[in-house]
Amino acid sequence: MKLQLTLLEKAALENRLAHLLLFHGGSKLHQREVALRLAQILNCHNSTSEGPCNVCPPCRKILSGNHPEVSWLKAQKAVIGIEQVLSWQERLYLKHYEGDYKISIVEQADLLTLPAANSLLKVIEEPPERTIIILCAENAEGILPTIQSRAQLVFFPNLSEEKWLSSLGEVDDFEAAQAFRLSGNNHNLATEIVQYGIQQIKDWLEKFRTAVEERNFLKLFPLFPIDKNQALLYLQVMAVQAEEGIKNNTIRPLELLEIGKAIDVLRQQANPRLVIEVLALELFQQGGVRSD
């Protein structure tokens, strides 16, 4: 990984960086860190073989998130829809306001809907001048093959728990370690758990389990309202727990299957309350969440 990043930085210094990069694997925090470093190198007033200076106005603006030529496209819901991509596309084709290069970073690019991905492909095929697009994804296989084929792929290996903890900044180490275990050692999921609050997630999941075990639909009502991002986070944690339960023979394999279906349906813009209620009803019919 170190050699690959060194080559990327060298290409940036020499203005030879590919116009489309696909970061995949590893931690979203690490991907974001590398994307910002490349943006600095491309716009820094004093870049050297050691990297950006970190003190010139462009460097400081990029690090603070205030540089007009560095933009982000992030999922507003459970997916990145075509409306978001069209709006992003308009901004991308505006004239350069400040700096040598425009850098656009698409986070969770594997959440692009098919229409959104096809719209993005049109930009990739005819990119604006002096523009670098960086797609960040947990799984490259979730990216449209026609986009993959046009990108330079950069694989990020998983960080150790220690390195992941250090990348979070000022957080409670004990809670972060709990989040890491709750995520099944998935850095990106663990980061979301930390940001959302581990105790709130635990409380919600316990209430859901109680309602399902008792087959009491009324006990689901206190779990709402809930937005799609919350529901997706809860379901992902639930899936990790189901996988562990299957290994320990405490949970039926069918539960994991139903949770997986719920995640897929939710990512297709379904109502989160309806998804959770349907999942609970499916588990009611199976006789609860734990095997005999």
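Values in this document were obtained by computation on a predicted structure and should not be read as measured data. Computed from heavy atoms alone, side chains included, the values below leave out hydrogens, waters and symmetry copies. For this chain, numbers begin at 1 and follow the sequence in order.
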Least distance between heavy atoms, Asn43 atom then Asp100 atom: OD1-N, 2.8 Å
Ile103-Leu21 co-clustered via ILVMFWY side chain contacts under 4.5 Å: yes
Backbone N/O of Cys53 and side chain of His45: donor-acceptor pair under 3.5 Å: no
Salt-bridge present (Glu125, Lys122; N to O < 4.0 Å): no
Same apolar cluster (I L V M F W Y, side chains within < 4.5 Å links), Val278/Ile263: no
Shared hydrophobic cluster for Ile193 and Phe208 (ILVMFWY, side-chain gaps under 4.5 Å): yes
Derivation of the side-chain contact (heavy atoms from CB on, under 4.5 Å) call for Gln84 and Leu73: CA-CA 8 Å; Gln84 278 188 262; Leu73 177 60; 3.8 Å; yes
Ser49 to Leu13 - nearest heavy-atom pair and separation: CA-CD1, 3.7 Å
Beyond-backbone contact of Lys247 with Glu244, side-chain heavy atoms, under 4.5 angstrom: no
Which atom of Pro272 lies closest to which atom of Ala231, heavy atoms considered: CB-CB, 3.8 Å
Side chain proximity check, Lys219 to Thr210, heavy atoms < 4.5 angstrom: yes
Validation row, ring centre Phe156 to ring centre His24 under 6.0 Å: no
Side chains of Leu120 and Ile80 in contact at under 4.5 Å (non-hydrogen atoms): no
Euclidean distance, Arg273 CZ relative to Asp227 CG, rounded to 0.5 Å: 14.0 Å
Parallel, tilted or perpendicular: rings of Phe221 and Phe217 (30°, 60°): perpendicular
Spatial distance of atom OG1 (Thr113) from atom CG (Asn118) [nearest 0.5 Å]: 8.5 Å
Flag for Ser64-Asn66: side-chain donor and acceptor within less than 3.5 Å: yes
Shortest non-hydrogen contact from Ser119 toward Val85: OG-CG1, 3.6 Å
Pro128 side chain reached by Lys102 side chain, heavy atoms, under 4.5 Å: no
Salt bridge Glu98-Lys61, side-chain N to carboxylate O under 4.0 Å: yes
Spacing of Leu232 atom CG and Leu111 atom CG [to the nearest 0.5 Å]: 7.5 Å
Side-chain touch Phe180/Val194, heavy atoms, less than 4.5 angstrom: no
Common cluster, Ile143/Phe155, ILVMFWY with side-chain heavy-atom separation under 4.5 Å: no
Ile132/Leu38 under side-chain contact (heavy atoms from CB on, under 4.5 Å): CA gap, chis, key distance, verdict: CA-CA 10 Å; Ile132 306 295; Leu38 290 175; over 6 Å; no
Sidechain-backbone polar pair: Asn188 side chain, Lys28 backbone, donor-acceptor under 3.5 Å: yes
Test item: Glu258 side-chain N/O and Leu283 main-chain N/O as donor-acceptor pair under 3.5 Å: no
Contact check, side chains of Gln31 and Glu107, non-hydrogen atoms, under 4.5 Å: no
Nearest-0.5 Å distance that lies between atom CG in Leu22 and atom OG in Ser149: 11.0 Å
Whether His19 side chain and Ile124 backbone form a donor-acceptor pair below 3.5 Å: yes
Distance-only side-chain donor-acceptor flag, Thr146 / Arg150, under 3.5 Å: no
Asn186 and Glu138 side chains, donor-acceptor separation under 3.5 Å: yes
Any donor-acceptor N or O pair under 3.5 Å, side chains Asp203, Gln199: yes
Atom of Val171, atom of Ala176 and distance for their closest heavy-atom approach: CG2-CB, 4.1 Å
Ionic contact status for Arg37 with Glu9, cut-off 4.0 Å: yes
Backbone of Tyr97 reached by a side-chain donor or acceptor of Glu69 within 3.5 Å: yes
Close side-chain approach of Ile276 and Leu235, heavy atoms under 4.5 Å: yes
side-chain contact (heavy atoms from CB on, under 4.5 Å) evaluation trace for Trp88 with Ile133: CA-CA 12 Å; Trp88 164 83; Ile133 299 172; 4.0 Å; yes
Glu33 side chain reached by His30 side chain, heavy atoms, under 4.5 Å: yes
Neighbour count >12 (heavy atoms, 6.0 Å) for atom CD, Glu50: no
Least distance between heavy atoms, Asn54 atom then Gln40 atom: OD1-NE2, 2.9 Å
Over 12 non-hydrogen atoms of neighbours within 6.0 angstrom of CZ in Phe174: no
side-chain contact (heavy atoms from CB on, under 4.5 Å) between Leu223 and Tyr234, worked out: CA-CA 11 Å; Leu223 300 179; Tyr234 294 147; over 6 Å; no
Same apolar cluster (I L V M F W Y, side chains within < 4.5 Å links), Val79/Leu112: no
